[in-house]
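This is the structure, below, for whatever I ask next.
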Amino acid sequence: MPKFDSYVICTSPRSGSTLLCKLLAATGISGNPGSYFHRPSIAEWLAYFEPAADASRPEADILATIFRAAIAKGSGDTSMFGLRLQRHSLQIPRQSAP
């Protein structure tokens with residue numbers, strides 16, 4: 001069985017997920033789960049993770065830098081990465097009825 005080094009908590013607002021994230025972080029082995037991608041906005045992610053980033057770099061490089069920073073923050077001092085996602089964090093187009 002493969003060893004896992006990350007997990008995603010899929011949740012909705014007012015569900016108790018903040019408490020769950022705090023409890024997981026307090027274990028000292030479950031990373032530091034949080035809503036690191038609260039809104040789908042590269043500009044906001046840059047401001048949160050790397051304020052001095054060069055926004056003129058190719059988007060793929062910027063995203064790779066942001067993801068590395070998120071993994072470091074979500075791992076804390078552990079080898080486990082935790083992430084909390086809520087539905088509004090994903091920009092999924094709604095399908096219209098046929």
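If you're wondering where the values come from, they're calculated on a predicted model, not measured in any experiment.
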Practice task
Please examine the side chains of Met80 and Leu24, heavy atoms only from C-beta on, and report whether any two atoms are closer than 4.5 Å.
Solution key: no
Problem - Under 4.5 Å side-chain linkage, directly or through intermediates, the cluster mates of Leu19 - result: Leu23
Exercise for the section: Apply the side chain to side chain contact (heavy atoms under 4.5 Å, CB included) test between Phe81 and each candidate in Ser30, Pro33, Ser75; give the one that qualifies. Expected result: Ser75
Handout entry: Straight-line distance of Leu63 CG to Arg57 CZ, nearest 0.5 Å
Key = 10.0 Å
Problem - From SG (Cys10) to CD (Gln86), nearest 0.5 Å - result: 10.0 Å
Exercise for the section: Identify whether Ile71 and Tyr7 are in the same connected component of the hydrophobic contact network (ILVMFWY, side-chain heavy atoms under 4.5 Å). Expected result: no
Practice task
Assess the pair Phe67 and Phe49: is the distance between their ring centroids shorter than 6.0 Å?
Solution key: no
Handout entry: Note, Ile62 side chain near Trp45 side chain (heavy atom, < 4.5 Å)
Key = no
Handout entry: Co-membership, hydrophobic cluster, residues Val8 and Ile29, 4.5 Å side-chain
Key = no
Problem - Stepwise side chain to side chain contact (heavy atoms under 4.5 Å, CB included) test for His38 and Tyr48 - result: CA-CA 11 Å; His38 193 63; Tyr48 182 74; over 6 Å; no
Fill in the blank from the handout: Heavy-atom closest pair (Asn32 atom, Ala25 atom, distance to 0.1 Å) is OD1-CB, 3.9 Å
Exercise for the section: Can you measure from CD1 (Ile66) to OH (Tyr36) and round to the nearest 0.5 angstrom? Expected result: 15.0 Å
